[in-house]
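Read the structure below first, then the notes.
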There are 4 protein chains.
Amino acid sequence: MTTPHTSRPLKERQREEREQLILDAAEALLVEKGYHEMAMDEIAARVGIAKGTVYLHFPSKEELLLALTRRDMSNFIATIDQHLAQASTPAAKLAALVAYQLNAVFGSRFQALIAISQNPELRTRFIDQKSQFALQRQQLEERLTRIFEDGKVSGDFAADIPTPVLVSLFETTLAAHRYQQLVTEHHLTVEDLIAQVTRFFFKGVAAETPHERNPQ
Amino acid sequence: MTTPHTSRPLKERQREEREQLILDAAEALLVEKGYHEMAMDEIAARVGIAKGTVYLHFPSKEELLLALTRRDMSNFIATIDQHLAQASTPAAKLAALVAYQLNAVFGSRFQALIAISQNPELRTRFIDQKSQFALQRQQLEERLTRIFEDGKVSGDFAADIPTPVLVSLFETTLAAHRYQQLVTEHHLTVEDLIAQVTRFFFKGVAAETPHERNPQ
Amino acid sequence: MTTPHTSRPLKERQREEREQLILDAAEALLVEKGYHEMAMDEIAARVGIAKGTVYLHFPSKEELLLALTRRDMSNFIATIDQHLAQASTPAAKLAALVAYQLNAVFGSRFQALIAISQNPELRTRFIDQKSQFALQRQQLEERLTRIFEDGKVSGDFAADIPTPVLVSLFETTLAAHRYQQLVTEHHLTVEDLIAQVTRFFFKGVAAETPHERNPQ
Amino acid sequence: MTTPHTSRPLKERQREEREQLILDAAEALLVEKGYHEMAMDEIAARVGIAKGTVYLHFPSKEELLLALTRRDMSNFIATIDQHLAQASTPAAKLAALVAYQLNAVFGSRFQALIAISQNPELRTRFIDQKSQFALQRQQLEERLTRIFEDGKVSGDFAADIPTPVLVSLFETTLAAHRYQQLVTEHHLTVEDLIAQVTRFFFKGVAAETPHERNPQ
DNA sequence: TATGAATGAGGCTTCATTCAT
DNA sequence: CATGAATGAAGCCTCATTCAT
């Protein structure tokens with residue numbers, strides 16, 4: 001995706017392309033069936049190569065998943081940065097992120113990240129043991145932290161909610177695997193859903209005006 | 001937990017107790033490592049019995065997980081009903097649920113349900129194929145649906161958010177595995193966290209008039 | 001069956017009766033499903049006792065089968081002796097045996113012996129290793145040997161067929177598990193079948209008259 | 001055995017050869033120990049390959065046995081057809097079969113078929129459930145049926161014995177696992193034994209001349 | 001480099017046997 | 001004696017990983 005296509009030798013470009021195809025297949029399988037059912041055999045079959053070839057690119061199933069995570073995280077952060085650069089106020093930035101992420105929920109890329117983050121099996125394997133993932137996760141949080149702290153200063157967000165809590169609420173609200181179901185079963189459009197969730201989130205984190213009362 | 005300890009023969013009580021211990025061990029392993037790593041061998045080892053003994057209680061690994069799900073769902077719904085009976089207004093009921101569930105997040109019971117619901121491998125196996133799970137899930141949603149619809153009538157909740165969306169937002173907000181981390185890493189107390197999340201949620205779903213009422 | 005009912009204490013008589021019931025159940029299972037599928041659990045269940053009780057009578061599954069074999073062999077030999085005592089000429093003796101055995105084919109007792117003799121699994125286990133079975137087998141063969149040698153002297157049977165071959169032909173002809181099928185599928189009566197097989201066998205082993213043709 | 005060695009690629013030939021080796025090992029084990037004791041582990045060990053490799057050729061133990069049965073049945077029928085084509089009269093055909101089969105008794109191939117046919121466990125599994133086996137069995141019976149009916153017309157065989165009975169008598173007479181023992185223990189040559197059994201069978205099924213005596 | 005056949009550790013499940021009650 | 005819960009060895013099968021071609 002961000003691969004330069006010109007300056008490198010053909011062989012290496014082909015290699016890179018195939019690597020992406022392998023990751024794509026792995027991602028699809030991961031979302032469909034989970035980590036254990038994501039068999040090396042089937043990954044290779046979907047790409048149309050031999051199983052051994054997968055091992056020429058990734059030394060183990062675990063490393064393959066790590067690479068997948070790195071790629072998706074990396075793409076994810078890069079896309080976020082683009083959105084952030086285009087919006088001005090913290091609230092506008094957040095709104096852009098919300099829209100982007102909810103759209104992403106319906107693509108497999110983001111679901112793979114969710115699957116990895118939420119599956120205890122994978123969490124143990126990755127978050128706890130491998131620093132790369134933690135690093136990227138941290139990059140993501142830094143961006144959100146900055147937005148929320150800016151927004152507190154500008155009066156957009158409730159200053160009495162600790163920023164880590166805001167970040168968590170943001171991630172939580174957006175990481176919902178159930179939204180998909182809402183669209184399918186309750187006949188909402190994706191646009192409506194985005195609008196509703198966005199409004200919900202902004203009302204929830206808004207700085208309280210004198211007229212609002214504390215619900216507790 | 002709800003087992004009567006007096007009227008039944010000793011043997012049966014012991015059997016029931018052991019069954020609970022097996023489910024407890026399975027639950028812990030499921031949360032720690034996921035379904036595949038939850039080996040029958042290790043379940044037995046944790047309970048301190050032989051592998052074959054597990055099979056005297058549950059005919060297969062899959063049935064063991066189904067039983068675990070049934071138990072946890074059942075306990076979960078029962079506890080929720082208790083909370084609902086004690087609160088009066090819809091907002092108060094929700095507040096009770098929020099507090100209960102967030103507390104539950106820190107116990108394994110609820111995490112197991114989340115693990116089962118979110119793991120694609122298990123979702124396929126259970127939600128799609130076994131009606132028991134779908135039935136209990138539906139019972140849960142009915143309760144939430146009723147609260148939200150009552151709350152719309154009483155003016156507590158935004159009438160223009162479709163009820164299924166409210167239900168999803170509720171579940172989403174509360175099913176956050178990351179809250180645990182917040183307490184651990186950012187030194188929040190559980191009580192503070194509950195207060196913050198509650199306020200966030202209620203602001204987010206509140207009817208947007210100046211005259212909002214106190215949910216409690 | 002041959003148990004004396006008067007001179008022994010009640011307890012021992014009951015014990016002996018139960019032992020027979022266990023052997024009966026084992027026999028039925030052996031014929032129905034073979035040795036491995038003959039589970040100790042099911043034997044006990046069919047008798048209506050606990051599994052452990054079976055082990056009070058027989059120290060192992062193998063010993064149970066050995067006891068079964070002993071009993072059936074013993075009954076078999078005893079019944080044969082009765083028939084032999086009642087018939088006069090060798091041919092009449094053999095005819096009595098043929099009729100008896102073919103009738104027995106349709107009872108489970110004889111089938112169990114066939115099952116044991118013919119199953120390689122059991123043959124290895126019993127004939128080769130345990131002398132009891134070989135001993136009883138030998139008793140059976142002695143009787144047949146005597147009849148055939150008498151019959152050769154009297155001119156009933158072909159003197160140029162070695163007696164062990166005659167014995168084998170006899171056993172072979174009668175041990176046919178396929179006769180059952182003939183009755184079921186081709187609507188022969190048991191009586192007809194016995195008549196046909198008897199005639200076949202006697203013609204086959206008869207001393208040759210000058211008028212018979214050479215088949216080759 | 002009937003594999004062409006020239007026209008196919010090397011890989012496929014090796015694969016086929018290995019498959020035959022696996023079937024050979026399975027066959028030997030089946031005859032030696034029966035179906036349950038025929039462990040996949042040991043089959044692999046005897047061929048000198050790993051357990052998993054067996055599963056590259058046969059998807060389950062049951063399928064392996066089915067393939068074994070198919071192969072042996074198929075070879076058996078093919079060889080029989082060769083013999084039949086070379087002999088002219090029904091009696092000569094039968095004599096050829098008798099000689100062939102009795103020779104086969106001393107090879108494992110035929111014993112495996114007997115083991116499968118006679119084991120109740122396997123009978124249930126194969127004859128009742130899988131049509132392939134029934135089909136091949138039927139092919140075998142058709143050939144015998146034709147010979148016997150031809151032989152009745154030509155006056156070689158007793159017309160008053162129903163053909164299915166003749167077929168059964170034939171199979172019964174030849175399927176004797178005890179013949180082996182005769183050669184071993186009573187020092188008969190295989191040729192003598194074949195001559196004796198052949199004569200026995202033909203006398204038994206011959207059309208009756210006026211001079212024969214009725215043994216009953 | 002690419003292949004895919006081969007490997008074998010590891011997981012689920014069964015069942016003969018034991019033993020505390 | 002009788003019970004049947006408990007045990008654990010052993011068997012079938014899968015799949016990540018290796019390696020000869």
Side-chain angles (χ1 to χ4, degrees), chain A residues 11 14-15 18 35-45 47-65, chain B residues 10-12 14-15 18-19 35-45 47-64, chain C residues 11 14-15 18 35-45 47-65, chain D residues 10-12 14-15 18-19 35-45 47-64:
Chain A
K11 274 290 184 60
Q14 284 180 331
R15 182 187 165 77
R18 180 145 60 187
Y35 180 66
H36 259 92
E37 308 260 351
M38 160 186 137
M40 298 301 266
D41 260 331
E42 194 171 352
I43 292 174
V47 178
I49 59 178
K51 192 171 20 171
T53 308
V54 177
Y55 280 87
L56 295 179
H57 292 266
F58 306 98
S60 74
K61 187 179 175 182
E62 185 155 334
E63 279 302 324
L64 168 53
L65 188 51
Chain B
L10 178 64
K11 273 287 183 57
E12 194 171 338
Q14 284 180 331
R15 180 186 166 79
R18 169 99 55 117
E19 205 151 292
Y35 181 66
H36 257 93
E37 309 266 347
M38 159 188 137
M40 297 300 266
D41 267 337
E42 193 170 354
I43 292 174
V47 179
I49 59 180
K51 196 178 1 176
T53 308
V54 178
Y55 283 88
L56 295 178
H57 294 267
F58 305 98
S60 71
K61 188 178 175 184
E62 183 154 339
E63 279 300 324
L64 169 53
Chain C
K11 274 290 183 58
Q14 285 180 331
R15 181 187 165 77
R18 181 146 58 188
Y35 181 65
H36 259 93
E37 308 260 351
M38 160 187 138
M40 297 301 266
D41 260 331
E42 195 172 351
I43 292 173
V47 179
I49 58 178
K51 193 173 17 174
T53 307
V54 177
Y55 280 87
L56 296 178
H57 293 266
F58 306 98
S60 73
K61 188 179 175 183
E62 185 154 334
E63 279 302 325
L64 168 53
L65 188 51
Chain D
L10 178 65
K11 273 288 184 56
E12 194 172 334
Q14 284 180 332
R15 182 186 165 79
R18 172 98 58 118
E19 205 150 291
Y35 182 66
H36 257 94
E37 309 266 347
M38 159 187 139
M40 296 302 266
D41 267 335
E42 193 172 352
I43 292 173
V47 180
I49 58 181
K51 194 178 6 177
T53 307
V54 178
Y55 283 89
L56 295 179
H57 294 267
F58 306 98
S60 71
K61 187 179 175 183
E62 184 154 338
E63 280 300 324
L64 168 54

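These numbers come from the heavy atoms of this one structure, side chains and all, not from hydrogens, waters or symmetry mates. Bear in mind that the values here come from a model prediction, so they are computed numbers and not experimental data. Here is the naming used below: chain letters follow the sequence lines, and residue numbers restart at 1 for every chain.
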Practice item. Please test B:Arg18 against B:Thr53 for side chain to side chain contact (heavy atoms under 4.5 Å, CB included), starting from the C-alpha separation and ending with a verdict. Key: CA-CA 10 Å; B:Arg18 169 99 55 117; B:Thr53 308; 3.4 Å; yes
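Residues B:Glu19 and B:Arg15 are in side-chain contact: their nearest non-hydrogen atoms beyond the backbone lie under 4.5 Å apart. Annotation: side chain of B:His57 is not in contact with side chain of B:Leu64 (no heavy-atom distance under 4.5 Å). Using a 4.5 Å heavy-atom cutoff, the side chains of B:Glu62 and B:Tyr35 are in contact.
One can place CZ of B:Arg18 at 8 Å from C1' of F:dA5, the figure rounded to the nearest angstrom. The distance between atom CG of B:Asp41 and atom P of E:dG10, rounded to the nearest whole Å, is 11 Å. In this structure, B:Ile43 places its CD1 atom 14 Å from C1' of E:dT13, rounding to the nearest Å. Atom CE in A:Met38 sits roughly 11 Å away from atom C1' in F:dA16 (whole-Å rounding). If you measure from atom CG of C:Leu65 to atom C1' of E:dA16, you get 14 Å, rounded to the nearest angstrom. Atom CE of A:Met40 and atom P of E:dG4 are 16 Å apart (whole Å). Look at CD on C:Glu42: it is 17 Å from P on F:dG4, rounded to the nearest Å. E:dA6 atom P lies 8 Å from atom CZ of D:Arg15, rounded to whole Å.
Taking the nucleotide of DNA chain E with the nearest heavy atom to each of D:Val54 and A:Leu56, the more 5' of the two is matched to A:Leu56. Where D:Pro59 and B:Gly52 each meet DNA chain F at their nearest nucleotide, the meeting point lying more 5' is that of B:Gly52. Heavy-atom nearest nucleotides on DNA chain F were determined for B:His57 and for A:His36, and the one closer to the 5' end corresponds to B:His57.
Of the side-chain N and O atoms in D:Thr53, none sit less than 4.0 angstrom from OP1 or OP2 of E:dA5.
Base engagement by D:Lys51 is indicated by at least one non-hydrogen atom pair under 4.0 Å involving a base atom. In this structure, B:Ile49 reaches the sugar-phosphate backbone alone: every heavy-atom distance under 4.0 Å involves primed, P, OP1 or OP2 atoms, never a base.
Here the side chain of D:Ala39 is nearest to one of F:dT3, F:dG11, E:dG11, namely F:dG11. Of all nucleotides listed (E:dT14, F:dG11, E:dA16), E:dA16 comes nearest to the side chain of C:Tyr55. In this structure, the nucleotide among F:dT3, E:dT3, F:dG11 sitting nearest to the side chain of A:Ala50 is E:dT3. Distance from the side chain of D:Lys61 is smallest for F:dC13 among the nucleotides F:dA2, F:dA16, F:dC13.
Shown here for C:His36 and C:Lys61, the closest heavy-atom pair between the two residues is O-NZ, 3.7 Å.
A 3.5 Å limit on both hydrogen-bonding distances identifies F:dT3 as the Watson-Crick or G-U partner of E:dA20.
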